[in-house]
Amino acid sequence: MRQDHLISASHLSREDIEAVLDRAADIDDDPAAFRQRHAGKVLGLCFFEPSTRTRMSFDSAMKRLGGQTVDMGPVESSSVKKGETLADTVRVVEGYADALVLRHPSEGAATMASEFVDVPLVNAGDGAGQHPSQTLLDLYTIRENAGLDDLTIGIMGDLKYGRTVHSLAEALTNFDASQHFISPESLRLPRNVRYDLHASGAQVREHTELDEVLPELDVLYVTRIQRERFPDENEYRKVAGQYQIDSETLEAAADDLTIMHPLPRVDEISPDIDDTDHATYFEQAHNGIPVRMALLDILLSQDR
Ligand code: NCD
């Protein structure tokens with residue numbers, strides 16, 4: 001990887017992505033070979049926002065590499081409650097760890113924090129900004145199930161506030177992928193992401209209805225409406241419950257359609273899809289382990 005930190009998927013080249021995905025595949029094939037790889041190293045977990053999958057899978061990944069973790073714990077019981085700045089928090093935790101994972105409600109927080117630390121810092125979600133390690137596990141899942149080139153993907157739901165969408169869309173510009181974005185008008189991709197996609201020559205189309213495009217798709221990536229990011233609860237209510245899929249919706253889909261979701265889901269994917277061959281979201285979540293092991297392995301092995 002060219003850079004020390006992982007802040008935005010837009011910084012990742014195809015070579016960077018393939019290096020992580022290939023390492024993750026090696027780990028999947030022979031996890032025992034990596035069991036002591038980072039013995040004695042410590043990963044710092046700083047989560048200023050709720051997390052289950054991302055926090056636990058980074059924790060588990062580090063331990064499966066032989067390392068250990070230190071966790072800031074809930075914001076309510078940390079010094080943040082006493083008014084400590086983010087810059088001070090990361091500068092302190094840097095002294096306790098060989099790499100940091102940061103999740104924060106403010107867009108741009110990871111970029112700012114990375115300027116204060118010398119150890120590698122992974123952005124595990126900055127508000128409605130980016131979530132690049134999620135993207136790496138998404139790409140790994142797509143590569144395993146549908147292939148990354150000659151791919152037709154639909155990305156549906158909250159494209160405005162969904163940071164996993166922003167990262168995934170930008171990373172996919174490295175591949176021969178045609179991207180269809182399906183959302184209500186009010187939750188379209190933000191202008192800056194649309195600009196980046198356009199500037200990189202990505203094949204992109206926007207829709208308000210899934211059925212316009214469903215039969216063509218190899219992958220459908222469904223997302224949750226990000227309730228916590230709406231400035232106004234009434235605005236949330238206007239769009240809540242739209243863009244749900246169930247087994248009936250899928251009658252128009254290709255037999256080998258892969259359905260993904262970064263999770264947690266609310267009501268976007270009916271449980272009657274879970275037992276079909278389309279459902280790939282739990283496998284996707286499990287891929288967080290080899291992919292985050294691969295990412296940590298690469299970041300912790302770079303000569304610094
Ligand atoms: C996502 C997130 O935090 O952005 N969750 C995750 O990390 N898998 C998606 C979401 O919260 O909807």
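Counting convention: from 1, in listed order, for ligands and their atoms alike.
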Atoms of ligand 1, numbered as shown, that sit under 4.0 Å from any heavy atom of [X]:
| X | answer |
| --- | --- |
| Thr54 | 6 (C), 7 (O) |
| Arg103 | 3 (O), 7 (O) |
| Pro262 | 8 (N) |
| Leu263 | 1 (C), 5 (N), 6 (C), 8 (N), 9 (C) |

| task | May I ask you to decide if the ring planes of Tyr236 and Phe230 are parallel, tilted or perpendicular, using 30° and 60° as cut-offs? | result |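 Aromatic pair Tyr236/Phe230 classed perpendicular.
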| query | Got the closest protein heavy atom to atom 11 (O) of ligand 1, with its distance? | reply |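 Answer for atom 11 (O) of ligand 1: Arg224 NH2, 2.9 Å.
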| task | Please report which non-hydrogen protein atom sits nearest to atom 4 (O) of ligand 1, along with the residue it belongs to and the distance in Å to one decimal place. | result |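 Looking at atom 4 (O) of ligand 1, the protein heavy atom closest to it is Arg163 NE, 2.8 Å.
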Check: [Y] and [X] side chains under 4.5 Å, non-hydrogen atoms:
| X | Y | result |
| --- | --- | --- |
| His286 | Val291 | no |
| Arg224 | Pro264 | yes |
| Pro74 | Phe47 | no |
| Tyr281 | Asp274 | yes |

| message | Given 3.5 Å as the limit, does a donor-acceptor pair link the side chain of Glu268 with the main chain of Tyr243, or not? | response |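 No, Glu268 side chain to Tyr243 backbone: no donor-acceptor pair under 3.5 Å.
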| said: Under 4.0 Å, counting heavy atoms only: does Gln226 come that close to any atom of ligand 1? | reply: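 Flag set, Gln226 near ligand 1.
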| query | Can you list every pair that meets salt bridge (Lys or Arg N to Asp or Glu O under 4.0 Å) and has a residue in residues 153-168, with sequence neighbours left out? | reply | Glu49-Arg163
| Does any N or O atom in His131 lie less than 3.5 angstrom from one in ligand 1, N or O only? | yes
| Polar atom proximity, Thr164 to ligand 1 (N or O, under 3.5 Å) | no
